[in-house]
Amino acid sequence: MPELPEVEVVRAGLAPAVHDATVASVTVFDERSLRRHPGPSEDFTDRLIGRTFTSAMRRGKFLWLPLKPPPSERVLSEIQENGATSATDVVRHAATADQSPEFPTEALVVHLGMSGQVLLRAPGAPDDRLTRIRIGLSTPAHGTLFMNFADQRIFGSMAIDELVPTADGQPGGCGSALPLVPRSVAHIARDPLDPAFDDRRFFAALTTRRTGVKRALLDQALISGIGNIYADEALWAARVHYDQQTNTLSRARAKLLLAEVRAVLAKALTEGGTSFDAQYVNVNGASGYFSHSLSAYGQQGKPCPRCGRPIVREQFMNRGSHFCPHCQRLRVVTV
DNA sequence: CGTTGGCCCTGATCGC
DNA sequence: TGCGATCAGGGCCAAC
């Protein structure tokens, strides 16, 4: 259930380790984790070996590591003349010989899905359970590291994808000023913590749409980064029923809801992300969650922290919706 | 075209 | 002790 705060914790933990790190090895244990990769696992491996990451970026729940352009033909022939003993050698050589300031053109795209984890491990560390892909890194800051992608339910994935310019010219996401985004992430809206998030456009969409507000909050093409947990939390904080039609929300209520979305995400972010049943583990492998401070999600039967009446759980959109029937009433409005 | 329902996927947990 | 049933839900796509 990693949502924006959890993915951001992973991104922030990954960033210093992957900066200028070169891929020395790739092991794919389960090809299903490459479902979103356009090609066989050999293609994934071949395109990654010897490449160097520049940074770690995130938009909503999507994470990506831009790749420096591969060495030019000229550099490759130089290497052939001088000899190289490893892929790391090749890229080291390329970095010094090929001073091209080119933008990255592709990236390793990571989505954690329901249960994905990215774990950084030193050589010789015990295997992480359910590791589907292991990427060996040669890093300037930490020497050799392994980046393990573990995923129980295999809803998550890794893929290499082309980077395309952002529509608004703003940075593609959090973590770098690079105004690029993977093609497969381009349709994902900016998240509400992104400085380039367009509030007015969001409000306008709410008045246009004919759907329930929780469905809208979970629509990553409208606003990204929110999952089932923080949707329930933000709706509880704003006292809005999950199935309230978006076009019946007053502008003031919509503004309050967006503010509560931001507050809930920011709070979780400062506490290191929320995690349940050890499904979510941060980049170092430590579980970081603060489920005790959840007001609605998973609190069915417990008293509403605001009014004391029991929180109720209902099925909605094939997931659980937790809310206070007293504080969050469905308002039927004639428009 | 906007909206909606269904499907993917497996380990942990629970009850008998 | 063993085993089957149940549960978790993000993202995508077909269908309406």
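By convention in this document, chain letters (A, B, ...) are assigned in the order of the sequence lines, proteins followed by strands, and residues within each chain are numbered from 1.
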- Query: In whole angstroms, how far is the P atom of C:dA8 from the CG atom of A:L112?
  - Reply: 21 Å
- Message: Check this one for me: any side-chain N or O of A:H111 less than 4.0 Å away from OP1 or OP2 of C:dC12?
- Response: no
- Message: When you measure from the side-chain N and O atoms of A:R129 to the phosphate of B:dA12, is any distance below 4.0 Å, counting only OP1 and OP2?
- Response: yes
- Task: Return no unless some side-chain N or O of A:R313 is found under 4.0 Å from OP1 or OP2 of C:dC7.
- Result: no
- Item | Whole angstrom value for the distance that separates P of B:dC9 from CG of A:D30 | 10 Å
- Query: Taking the side chain of A:Q152 as its heavy atoms from C-beta onward, which of B:dG11, B:dT3, C:dG11 lies nearest to it?
  - Reply: B:dG11
- Among the nucleotides B:dT4, C:dG10, C:dA8, whichever has the atom closest to the side chain of A:N228 is C:dG10
- Message: Using whole Å, what does the distance between atom P of nucleotide B:dG2 and atom CG of A:D219 come to?
- Response: 11 Å
- Among C:dG11, C:dG10, B:dT3, the one nearest A:F62 by side-chain distance: C:dG11
- Between C:dC12 atom C1' and A:N318 atom CG, what is the distance in whole Å? 14 Å
- Task: Measure from CE on A:M317 to P on B:dC8 and round the result to the nearest Å.
- Result: 18 Å
- Query: A:F202 vs A:F197 aromatic rings, parallel, tilted or perpendicular, using cut-offs 30° and 60°?
  - Reply: tilted
- Query: Only one of A:K214, A:H322, A:R319 clears side chain to side chain donor-acceptor pair (under 3.5 Å) with A:N228; which?
  - Reply: A:K214
- Message: How many whole angstroms separate atom CG of A:L218 from atom C1' of B:dT3?
- Response: 15 Å
- Checking only heavy atoms, does the side chain of A:R153 share a donor-acceptor pair with the base of C:dA8 at less than 3.5 Å? yes
- Just how far, in rounded Å, is C1' of B:dT4 from CD of A:Q220? 16 Å
- Nearest-nucleotide comparison on DNA chain B, the residue closer to the 5′ end among A:Q245 and A:R319: A:Q245
- Message: So, applying ring pair (Phe, Tyr, Trp, His ring centres under 6.0 Å) with A:Y242, which one of A:F323, A:Y297, A:W236 is it?
- Response: A:F323
- Query: Do we see a donor-acceptor contact under 3.5 Å between the side chains of A:S184 and A:D161?
  - Reply: yes
- Message: What is the distance, to the nearest angstrom, from the CD atom on A:E31 to the P atom on B:dC8?
- Response: 20 Å
- OP1 or OP2 of B:dC8 less than 4.0 angstrom from a side-chain nitrogen or oxygen of A:R35, does that happen here? no
- Query: So does A:T208 get a side-chain nitrogen or oxygen closer than 4.0 Å to the phosphate oxygens (OP1/OP2) of B:dG2?
  - Reply: no
- Output the distance between atom CD1 (A:I226) and atom CG (A:L4), rounded to the nearest 0.5 Å. 8.5 Å
- Closest to the A:R215 side chain: C:dG10, B:dG11, B:dT4? B:dT4
- How would you label the contact of A:G320 with the nucleic acid (heavy atoms, under 4.0 Å): base, sugar-phosphate, or nothing? sugar-phosphate
